[in-house]
Amino acid sequence: MAEPLSPDSLPPASGSQPARPEKRLRILLVSDYLPQDVDTAVHGAFQRLRRHIESLQQRGEVDVVFLWPWHPDAWNDSAGANLVALRRLWNLTGRCELVFSHFTCQLGQLRILVPAWLGGWLPALAGRRNAVTMRKIAAIVAETSPDLIFAHRMGAILPVLRAEAGKRAIVIDLDDVEHVRLRRQAARTKSGLARLQLWLAAWFTQRLEAEALHKANTALVCSEADARFLRPVARAGRIALLPNAAAEHEPLPPAVSPTALFVGMVRYWPNAEGLTWLVRDVWPSVRRALPQARLILAGLGSDELGLGDNAMGVEAVGFAADLQPLYAGARIALCPLHIASGTRIKIIEAAMFGRAAISTSIGAEGLAFAPGREIALADDAPAFAQVCIDLLGDQERSIRMGMAARETARRLYSPAATARQLAAICAEALAG
């Protein structure tokens with residue numbers, strides 16, 4: 001199995017020899033991640049998917065298919081409208097199609113064995129039993145005749161691989177190593193029954209990941225840390241590193257007040273757990289040391305947890321379409337996650353704005369920011385609070401850390417860098 005590509009091994013943007021015109025490819029991208037609301041689809045997984053599409057469109061015509069499990073209570077009517085809106089917003093110029101499956105109906109009885117949040121994984125669990133959906137995928141492959149098939153997330157990866165798409169290059173994206181996240185979630189779950197369900201789900205998920213790695217030409221992961229998690233189950237599969245990215249910005253002027261900022265979709269359980277820990281276990285110590293300190297909570301659902309508290313300087317603003325004013329007013333950005341896999345775009349985003357970030361070790365896992373110089377790390381509540389106090393109270397140090405992180409982010413996590421790397425990975429998959 002080949003070693004993952006390193007961000008430092010990106011091919012040069014240009015060379016001394018004039019480049020020959022590249023063949024325009026026909027690419028089929030399949031994902032199970034159609035947003036329910038395109039206007040708020042800005043969190044990490046959607047950002048990564050959108051960048052995939054933009055990068056692949058530079059290489060050729062991209063046809064996009066979204067899988068969505070059909071169910072009598074599902075939002076079937078609105079799904080088509082969302083697809084039309086997404087096509088316009090993301091400039092999807094090729095074929096754009098929605099394929100409803102019947103996985104949920106077939107596997108409804110499994111809901112007694114798995115937690116409700118696992119419902120999104122039911123397409124992956126269905127396997128060969130859903131012949132209708134397999135035939136639909138095979139028919140789309142036959143009609144489009146793609147040079148390359150790109151499958152995004154497990155709910156689409158296994159149906160594509162099991163549809164026997166023929167001798168075509170298939171690149172899959174495991175932006176999260178789900179079995180790792182499930183194990184970490186089990187470790188922080190108090191209920192014995194829920195913990196057992198999570199461990200069983202992690203075991204089954206690892207088997208699915210092993211199958212996907214074995215069948216695909218290349219599996220993309222966000223970091224070397226994720227590659228290490230997957231190598232023991234990868235068998236013959238090839239793992240390639242494609243980091244997450246965030247848009248580049250001009251560095252913001254220093255924040256005037258000692259304000260901390262959390263950004264994240266709080267309807268995602270790991271974000272909700274980390275944010276609750278931050279507000280209840282960490283922030284009171286910060287306020288005792290710095291009574292003027294403020295904490296801004298931004299992101300879809302951040303105003304639904306009841307964590308806003310004017311007396312403690314905590315403001316929950318909910319979804320924010322434009323984050324720049326929030327970063328402009330913040331001296332530091334926070335990533336208090338204990339349950340995660342993949343890499344956190346929120347840390348890269350803060351760095352692109354020139355803001356210092358404080359994170360748990362798991363929150364910063366897989367990112368190349370140097371601890372102490374480009375990012376501050378702390379895992380228990382007293383230590384996390386003390387680092388917040390130090391950086392909020394030392395504007396010069398927070399500026400130095402933020403600007404150092406910005407240089408690393410621009411070098412390794414810019415959209416241009418990851419687009420070049422994806423092009424190289426796809427070329428290798430096609431050659432193989």
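Just so it is clear, the model here is predicted, and its values are computed rather than measured.
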Start with the C-alpha distance between Thr205 and His179, add both sets of side-chain angles, then the distance that settles side chain to side chain donor-acceptor pair (under 3.5 Å), and finish with yes or no.
CA-CA 6 Å; Thr205 298; His179 83 266; over 6 Å; no
Point-to-point distance, once rounded to the nearest 0.5 Å, from CZ of Arg406 to CE of Met352
8.0 Å
Closest non-hydrogen atom pair, Gln206 against Val233
NE2-CG1, 3.3 Å
Output field: ring centroids Tyr33/Phe46 closer than 6.0 Å:
yes
Salt-bridge present (Glu428, Arg238; N to O < 4.0 Å)
yes
Treating Trp283 as the side-chain partner and Met312 as the backbone partner, does any N or O pair qualify as donor plus acceptor under 3.5 Å?
yes
Give the intermediate values and the outcome of side chain to side chain donor-acceptor pair (under 3.5 Å) for residues Thr259 and Ser257.
CA-CA 6 Å; Thr259 299; Ser257 63; 2.9 Å; yes
When the aromatic ring centroids of Tyr268 and His43 are compared, is their separation below 6.0 Å?
no
Which of these passes side-chain hydrogen bond (donor to acceptor under 3.5 Å, both in side chains) with Glu211: His214, Arg207, Lys215?
Lys215
What distance do Met154 atom CE and Leu208 atom CG have between them, rounded to the nearest 0.5 Å?
4.5 Å
Met265 side, atom CE; Leu300 side, atom CG - distance, nearest 0.5 Å
6.5 Å
Can a salt bridge be assigned to the pair Asp63 and Arg26 using a cut-off of 4.0 Å between side-chain N and carboxylate O?
yes
Below 4.5 Å, heavy atoms only, C-beta onward: do Trp277 and Val282 meet side chain to side chain?
yes
Check: Asp226 and Leu174 side chains under 4.5 Å, non-hydrogen atoms:
no
Heavy-atom pair with the smallest gap, counting every atom of Thr418 and Ala245
OG1-CB, 3.8 Å
Side-chain heavy atoms of Tyr413 within contact of Leu367, under 4.5 Å:
yes
When you look at CG of Asp322, are more than 12 heavy atoms from neighbouring residues, nucleotides or ligands closer to it than 6.0 Å?
yes
Verdict with supporting geometry, Asp379 and Thr360, side chain to side chain donor-acceptor pair (under 3.5 Å)
CA-CA 5 Å; Asp379 289 313; Thr360 58; 4.7 Å; no
Would you call Arg50-Glu54 a salt bridge at under 4.0 Å N-O?
yes
Could you tell me if the side chain of Glu273 sits less than 4.5 Å from the side chain of Gln185, heavy atoms only?
no
Worked check of side-chain contact (heavy atoms from CB on, under 4.5 Å) between Leu278 and Leu295
CA-CA 10 Å; Leu278 171 68; Leu295 174 61; 4.1 Å; yes
Check for a donor-acceptor pair, side chain of Ser359 on one end and backbone N or O of Cys335 on the other, with a separation under 3.5 Å.
yes
SB check Glu349 Lys346 (cutoff 4.0 Å)
no
If we only count heavy atoms from C-beta on, is the Phe66 to Asp32 side-chain gap below 4.5 Å?
no
Do Arg95 and Val64 have side chains that get closer than 4.5 Å, going by heavy atoms?
no
Between Arg184 and Glu365, does at least one N-O distance fall below 4.0 Å, as a salt bridge requires?
yes
Show the nearest heavy-atom pair for residues Arg294 and Ile296, with the distance to one decimal.
NH2-CD1, 3.3 Å
Could you tell me whether the side chain of Leu297 reaches within less than 4.5 Å of the side chain of Val317, counting heavy atoms only?
no
Report yes if the side chains of Pro243 and Thr343 come closer than 4.5 Å at any heavy-atom pair, otherwise no.
no
Residues, nucleotides or ligands: over 12 heavy atoms within 6.0 Å of Arg188 CZ:
yes
As a quick check of understanding, evaluate salt bridge (Lys or Arg N to Asp or Glu O under 4.0 Å) for Arg231 and Glu224, giving each step before the final call.
CA-CA 10 Å; Arg231 283 196 189 106; Glu224 175 60 31; 2.9 Å; yes
What pair of heavy atoms forms the shortest contact from Ala156 to Leu67, and how long is it?
CA-CD1, 4.0 Å
Determine, step by step, whether Ile27 and Asp147 satisfy the side-chain contact (heavy atoms from CB on, under 4.5 Å) criterion, reporting the C-alpha distance in whole Å, the side-chain angles of both residues, the deciding distance to 0.1 Å, and the verdict.
CA-CA 6 Å; Ile27 302 168; Asp147 302 292; 6.0 Å; no
Test salt bridge (Lys or Arg N to Asp or Glu O under 4.0 Å) applied to Asp175 - qualifying residues, sequence neighbours left out
Arg153
Kindly write out the residues that satisfy salt bridge (Lys or Arg N to Asp or Glu O under 4.0 Å) with Asp303, not counting sequence neighbours, or none if the list is empty.
none
For the student: nearest non-hydrogen atoms of Arg355 and Arg331, plus distance
CD-O, 4.0 Å
Between Ala169 and Ala429 the two heavy atoms that sit nearest each other are CB-O, 3.6 Å
Step-by-step side-chain contact (heavy atoms from CB on, under 4.5 Å) determination, Leu98 to Leu34:
CA-CA 9 Å; Leu98 185 68; Leu34 177 67; 3.6 Å; yes
Assess the residue pair Leu242 and His52 against the criterion (side-chain contact (heavy atoms from CB on, under 4.5 Å)); give the C-alpha distance rounded to whole Å, side-chain angles, the decisive distance to 0.1 Å, and a yes or no.
CA-CA 10 Å; Leu242 185 71; His52 287 334; 3.4 Å; yes
Classify the angle between the aromatic ring planes of Tyr327 and Phe353 as parallel (below 30°), tilted (30 to 60°) or perpendicular (above 60°).
parallel
Hey, are Arg24 and Glu61 close enough for a salt bridge, meaning a charged N less than 4.0 Å from a carboxylate O?
no
